[in-house]
Amino acid sequence: MKVKQTFKNSFYALKIVFTYAPWVAGGYALFSLGGAVFTLLQVFFLQHLVDSVMRYASGSEINDVILWGVLYVSSLLLAQIYTFSLGKMGRFLNRRLTKALSPAIIDKFGRIEYYYFESADFQDIMSRMTADPQQMIHNTFFSVISCINSTLKLIGILGVFFAASLWVGLGALVIGLPMTILELRSTDKKQTLQRENTPDKRKEDYIQGLFSNRSAAYEMRIFGTQNHMLALWRAVHGKIVHRQKDITVSYIKSRSAVALLKILYASFTIALLAFYLASRRVTYGVFVSIVSSIGNLFSILNTAAYSISALGTRTHEIGYYRDFTEFAERRQWSAGMDVRNCLQITDASL
């Protein structure tokens, strides 16, 4: 059910972004997905560069070394330019989306029925939705694109690893799945923490505001309620801190498990490839490119896990935004309405 809701809210965020900034969003999405190519090119060029260097050391000509060296360095430079350009496009998309979406959100606030503002459910949704809903929608769009991009990169790097050795590729899958599961569990706990803490956090802020309010502090002194209000604040604050402590301990455990998996996989891969190199089952180029790509693999797995984790959090926030848009609006009076129609609308609203 949570997976279904995540997909549903993700498509809802994409729909909003492509509605208010279609051309910029489409260009950013296509340009972003092309980033997976640079990961494969760098591995491919590095492998051939090392092999050409080894052949040159055995008496071959230097032309291949120059060719693959230029291609490898060019791929590194192009990757930096690509990252810079992608960031510029993302900021431009953010400005366009904010400019187009902010008036619609402000207009919705102005049309909501007044009685909702006295509802605890409405206040909770407003608190969870954050003070910048257009940025929340923008971030959700980025998370969706990042998930797709990371998936493409992961497929490409796994293809390279499987081509080098079946066991190296399987090992990457073995560590990748637990990493993703641990991140998703951490995200689910954080979302639960946010939902449980929202009413208590509002209560804590309200009580804390009383102590800093001159009139409220004067009344508490007159009626002798300072100690009672302080006890209430401590009780609410203690519940929030206790929940946060449990989440922190769980997060540390999951990160420790992920670090251990990385160490085991790196040791296993290097030892296996060293054995293959000694038995001439792989070339020096394959050995160097795969070993140097282990860090890249970890980075892709971290990015993929974080993107999925962030997407889970942000699609929950999008759910709060959807709830906000579904609040009933006030009936608008038009200049041409006669008194009878106005009375009918008033009776229907009561």
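Computation of the quantities below employed the complete heavy-atom set of this structure, encompassing side-chain atoms and omitting hydrogens, waters and symmetry-equivalent molecules.
Nearest heavy atoms, Q42 versus A79: NE2-CB, 3.4 Å. Here the closest heavy-atom approach between residue N149 and residue A36 is recorded as OD1-N, 3.8 Å. Residues L152 and L33 come closest through the heavy atom pair CD1-O, 4.0 Å. Closest approach of L71 to F45, counting heavy atoms only: O-CD1, 3.4 Å. Heavy atoms only, all atoms of each residue included: L93 and A21 are closest at CD1-CB, 4.0 Å. Between S293 and S289, the shortest heavy-atom distance links the atoms OG-O, 2.5 Å.
Between L40 and V160, the closest side-chain pair of non-hydrogen atoms falls below 4.5 Å. Using a 4.5 Å heavy-atom threshold, the side chains of I207 and K203 count as touching. You'll find the side chain of L97 stays beyond 4.5 Å of the side chain of F141, heavy atoms only.
No chain of hydrophobic side-chain contacts below 4.5 Å, direct or via other Ile, Leu, Val, Met, Phe, Trp or Tyr residues, connects L158 to I155. Hydrophobic clustering, with ILVMFWY side chains joined whenever heavy atoms are under 4.5 angstrom apart, keeps I270 apart from V174. The cluster map of Ile, Leu, Val, Met, Phe, Trp and Tyr, joined by side-chain heavy atoms under 4.5 Å apart, puts L166 and V43 in the same cluster.
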Q: Check step by step if side chain to side chain contact (heavy atoms under 4.5 Å, CB included) holds for Q80 and L76.
A: CA-CA 7 Å; Q80 294 298 319; L76 295 177; 5.9 Å; no
Check the pair I175 / F298 against side chain to side chain contact (heavy atoms under 4.5 Å, CB included), numbers first and verdict last. CA-CA 9 Å; I175 69 161; F298 292 157; 3.4 Å; yes
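Applying the salt bridge (charged side-chain N to carboxylate O under 4.0 Å, His left out) test to K99 and every residue at least two apart in sequence or in another chain returns nothing. Judged as a salt bridge (charged side-chain N to carboxylate O under 4.0 Å, His left out), and not counting sequence neighbours, the contacts of R55 are D64. Judged as a ring-ring contact (aromatic ring centres under 6.0 Å, His included), and not counting sequence neighbours, the contacts of F142 are Y28, H138. For N9, the side-chain contact (heavy atoms from CB on, under 4.5 Å) test picks out Q5, T315, I318, R322, with sequence neighbours left out. Among residues two or more places apart in sequence or in another chain, the ring-ring contact (aromatic ring centres under 6.0 Å, His included) test is passed with H237 by W233. With sequence neighbours excluded, the residues forming a side-chain contact (heavy atoms from CB on, under 4.5 Å) with Y82 are F31, S32, F38, L86, listed by chain and number. With sequence neighbours excluded, the residues that form a side-chain contact (heavy atoms from CB on, under 4.5 Å) with R234 are L230. Residues satisfying the side-chain contact (heavy atoms from CB on, under 4.5 Å) test with I62, not counting sequence neighbours, are Y56, V65, I66.
Sorted by first and then second residue, the salt bridge (Lys or Arg N to Asp or Glu O under 4.0 Å) pairs involving residues 278-300 (not counting sequence neighbours) form an empty list. For residues 151-178, the set of pairs meeting the ring pair (Phe, Tyr, Trp, His ring centres under 6.0 Å) definition, not counting sequence neighbours, is empty.
With rounding to the nearest 0.5 Å, the separation of OG in S75 from CH2 in W68 is 11.0 Å. Summarising the geometry, atom CG belonging to L277 is positioned 6.0 Å from atom CZ belonging to F287; distances are rounded to the nearest 0.5 Å. For the atom pair Y72 OH and L67 CG, the distance stands at 15.0 Å (nearest 0.5 Å). Note that CG of L154 is 12.0 Å distant from SG of C147, once rounded to the nearest 0.5 Å. The CG atom of D51 sits 3.5 Å away from atom OG1 of T283, with the distance rounded to the nearest 0.5 Å. Separating the CD1 atom in I290 from the CG atom in L46 is a distance of 9.5 Å, to the nearest 0.5 Å.
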N/O donor to acceptor pairs below 3.5 angstrom from side-chain atoms of residues 258-268, sequence neighbours left out:
residue	atom	partner	partner atom	Å
K262	NZ	N302	OD1	3.3
Y265	OH	V168	O	2.9
S267	OG	I263	O	2.9

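Other residues sharing the hydrophobic cluster of V73, ordered by chain and number and joined by side-chain separations under 4.5 Å: L77.
Within a 6.0 Å radius of CG in N63, more than 12 heavy atoms belonging to other residues, nucleotides or ligands are found.
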